[in-house]
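One structure below.
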Amino acid sequence: MTCKDAEKMISLFLEDDLEMDDLRKFLEHIDNCSECKEELTIQFLVSEGMARLESGNVFDLQNELKYCIEEAGHTLKLRESMRWLLYVIQGLTVFAGIILIILLVILF
């Protein structure tokens with residue numbers, strides 16, 4: 001992923017609107033690119049900071065961004081685990097179907 005691609009995804013990331021593959025690529029890029037991580041930090045501070053100032057809430061945006069990135073990583077791992085579980089279930093369903101057909105052929 002290029003920096004230009006990552007920068008285009010920052011707003012989608014902040015809105016929690018990235019697909020799993022894009023989220024994985026984005027998080028990997030942000031983890032390895034200090035310039036894009038700085039841009040993410042700036043956009044997060046501006047968007048969240050303005051909302052918090054308007055509502056009068058006290059905030060620690062640096063830690064919130066760190067938490068947001070960590071949560072996105074956990075969500076990605078959970079989604080990937082669920083994808084593998086789905087593959088296993090589909091495989092078992094196909095296997096059960098084959099066994100059922102074999103049993104029907106043998107019995108009839």
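- Under the 4.5 Å side-chain heavy-atom criterion for ILVMFWY residues, a single connected hydrophobic cluster contains both L103 and F95.
- With rounding to the nearest 0.5 angstrom, the OG atom of S81 is 9.5 Å from the CG atom of L76.
- Between L23 atom CG and D17 atom CG the span is 11.0 Å, to the nearest 0.5 Å.
- Note: D31 CG to K37 NZ = 6.0 Å, rounded to the nearest 0.5 Å.
- Counting heavy-atom neighbours within 6.0 Å of E19 CD, excluding the residue itself, gives a total of 12 or less.
- Nearest heavy-atom pair, F26 versus M9, reported as atom, atom and distance to 0.1 Å: CD1-CB, 3.8 Å.
- The line from CD of Q90 to OG1 of T93 is 7.5 Å long, rounded to the nearest 0.5 Å.
- The distance from the CD1 atom of I30 to the CD atom of E28 is 11.5 Å, given to the nearest 0.5 Å.
- Note that the NE2 atom of H74 and the CD1 atom of I69 stand 12.0 Å from one another [nearest 0.5 Å].
- With a 6.0 Å radius and a threshold of 12 heavy atoms from other residues, nucleotides or ligands, D5 has its CG atom above the threshold.
- No more than 12 heavy-atom neighbours from other residues, nucleotides or ligands sit within 6.0 angstrom of CD on E38.
- The local environment of CD in E15 is crowded, with over 12 non-hydrogen atoms from other residues, nucleotides or ligands closer than 6.0 Å.
- Hydrophobic clustering (side-chain heavy atoms under 4.5 Å, transitive across Ile, Leu, Val, Met, Phe, Trp, Tyr) groups L100 together with L107.
- For R79 against L18, the heavy-atom pair with the smallest separation is NH1-O, 3.5 Å.
- Minimum interatomic distance between I10 and E39 (heavy atoms only, all atoms of both residues): CD1-CG, 3.6 Å.
- Here the closest heavy-atom approach between residue M1 and residue D22 is recorded as CE-O, 4.5 Å.
- A continuous path of ILVMFWY side-chain contacts below 4.5 Å connects L12 to M20, so both sit in one hydrophobic cluster.
- Follow the hydrophobic side-chain contacts under 4.5 Å out from I106 and you reach I98 in the same cluster.
- Between R24 and the options E80, K77, H29, a side-chain contact (heavy atoms from CB on, under 4.5 Å) holds for only E80.
- Summarising the geometry of L40 relative to L14, their closest heavy-atom pair is CD1-CD2, 3.9 Å, with the distance given to 0.1 Å.
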